[in-house]
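So the structure is just underneath, and the comments pick up after that.
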Number of protein chains: 2
Amino acid sequence: MSYPLRVTLRADSARVRARTLAAARARMAAGDLELPMNAIAKEAGVGVGTVYRHFPNRRALLEGLATESFTELVREARAAAENPDIATGLADLLRAALRRQLTDASLAAVLSEPGFECLDTQELSKELGAAALQVLDRAREAGVVRRDVTPDDFRRLTCGIQHAARGGGDPGAAADRYLDIVLKGLRP
Amino acid sequence: MSYPLRVTLRADSARVRARTLAAARARMAAGDLELPMNAIAKEAGVGVGTVYRHFPNRRALLEGLATESFTELVREARAAAENPDIATGLADLLRAALRRQLTDASLAAVLSEPGFECLDTQELSKELGAAALQVLDRAREAGVVRRDVTPDDFRRLTCGIQHAARGGGDPGAAADRYLDIVLKGLRP
DNA sequence: ACCTGAACACCGTTCAAGT
DNA sequence: ACCTGAACACCGTTCAAGT
């Protein structure tokens, strides 16, 4: 069994990583979802090879970008699982997942197709799944949700609503309505 | 007002078009959704420039690929609008849209973001919208659907379910369940 | 008229050479 | 150890030259 021993990066290495992520984020904010490695390296003032050292492929870079939102989402999911009114907790969980995906396209991309590149992301995914399962168990017991639904259905359904919401005008308003429809459909 | 007068292509031109579409379809069937123009031209035994003459960009090629399925879908939508039991008609409409998108990735892509490149596609889209509106009007009158839903919501929701269904194992089974959830949620 | 494919710009990815 | 960027392969797109 061997685990990576070094948890903190060397200062310059950490700086490179941060600058790469910043450049990538700037591009995404400007509406470019392609994340071209060469262009990002140039904008970050870093050699391409160094970008590849930190992020072996575009998927890894995407996960690096999504980590922050993903962490927040896990926190929200846990809070939802604690809600004394679990029907509300369930609605909160799905709403949070949807909102985070709409504000962060990288998170939407990462959740849309699992198959994780980074251990961090895999870990976050497990934690999200665990929180979702708690919500689901309590909701089932309270009889407020269909019995055939799984935590993975939650992931897929929120990704689906996100996709539907982005596929036309006023994504925010559409997302609210579609979430409403799905929540109602999820009742037993 | 000027309309294109030539409806039938010159024989060789039609052959080029057909070969291009065949090559593109072969690629998509092999799981490549990128549709690289150069590679397709080579595989079709045609100059790249000729491909561009027929399909000025990838979106146009995508629409060319989707036309057949789209036409079938319009037919199915019209049949759904005629169903004496309009609740069933509505379910049939959404099921057909979903099924076609799952069997034809190009149709899923075309419907997912409108902004049509070809007149044919624009026409098909209008016809689909008209049929959906008929279904919706009848369903509303019969009181079997939420009043705030539009034909465009149907498009977006089916695209969303398709996306959710593809985002994990057994897309077919997932699609059925998700459609079930959404149909229930659409009731008033 | 329509077709061809060389040519140019750009991106992904690797790896020998530097520090 | 880590970083750099030239180098190679590949793709999108155009356009001068062919038929």
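Labels below follow one simple rule: chain letters A, B, ... track the order of the sequence lines, proteins then strands, and each chain is numbered from 1. The structure presented is a predicted model; accordingly, all values stated were derived computationally and were not measured.
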Whole-Å distance between C/dG12 P and A/N57 CG?
-> 12 Å
Where does DNA chain D pair, written as one dot-bracket string 5' to 3', with Watson-Crick or G-U pairs under 3.5 Å, ( ) inside the strand, [ ] for crossing pairs and | for another strand?
-> ||.|||||...|||||.||
Can a salt bridge be assigned to the pair B/R27 and B/E34 using a cut-off of 4.0 Å between side-chain N and carboxylate O?
-> no
Rounded to whole angstroms, how far apart are CZ on B/R19 and P on C/dC3?
-> 12 Å
Result for 5'-nearest mapping on DNA chain C, choosing between A/G49 and A/A39, is A/A39
Nearest-nucleotide pick for A/Y52, side chain only, options being C/dG12, D/dT4, C/dC3 | C/dG12
Using whole Å, report how far CG of A/L61 lies from C1' of C/dG12.
-> 13 Å
Using a cut-off of strictly less than 4.0 Å between a heavy atom of the residue and any atom of DNA chain D, enumerate the qualifying residues of residues 20-37 of chain B by number.
-> B/L35, B/P36, B/M37
Between P of D/dT14 and CZ of B/F55, the distance in whole Å | 16 Å
Quick one: which of D/dC3, C/dG12, D/dT13 gets closest to the side chain of A/S13?
-> D/dC3
Between B/R53 (CZ) and D/dC15 (P), how many Å, whole number?
-> 14 Å
Only counting residues at least two apart or in another chain, list the ones meeting salt bridge (Lys or Arg N to Asp or Glu O under 4.0 Å) with B/R177.
-> A/D148, A/D153
5' priority, DNA chain D, between A/N38 and A/T50 [closest heavy atom] | A/T50
For B/R58 and D/dC11, give me the distance from atom CZ to atom C1', rounded to whole Å.
-> 9 Å
Got a salt bridge between A/D180 and B/R146, using NZ or NE/NH1/NH2 to carboxylate O under 4.0 Å?
-> yes
Tell me whether A/L90 is reachable from A/L111 by hopping between hydrophobic residues (I, L, V, M, F, W, Y) whose side-chain heavy atoms are closer than 4.5 Å.
-> no
Please list, chain by chain and in numerical order, all residues satisfying side chain to side chain donor-acceptor pair (under 3.5 Å) with A/N38, sequence neighbours excluded.
-> none
Tell me, which pairs form a salt bridge (Lys or Arg N to Asp or Glu O under 4.0 Å) where one or both residues lie in residues 55-68 of chain B, sequence neighbours left out?
-> B/R59-B/E63
For A/R138 and A/P84, the nearest pair of non-hydrogen atoms, with its separation, is NH2-O, 3.3 Å
For residues 141-165 of chain A, pull every pair meeting ring pair (Phe, Tyr, Trp, His ring centres under 6.0 Å), keeping only residues two or more places apart or in separate chains.
-> A/H163-B/H163
Flag the pair A/R99 and A/E76 as a salt bridge only when some basic side-chain nitrogen lies within less than 4.0 angstrom of an acidic carboxylate oxygen.
-> yes
Among the nucleotides D/dG5, D/dT14, C/dC3, whichever has the atom closest to the side chain of B/V48 is D/dT14
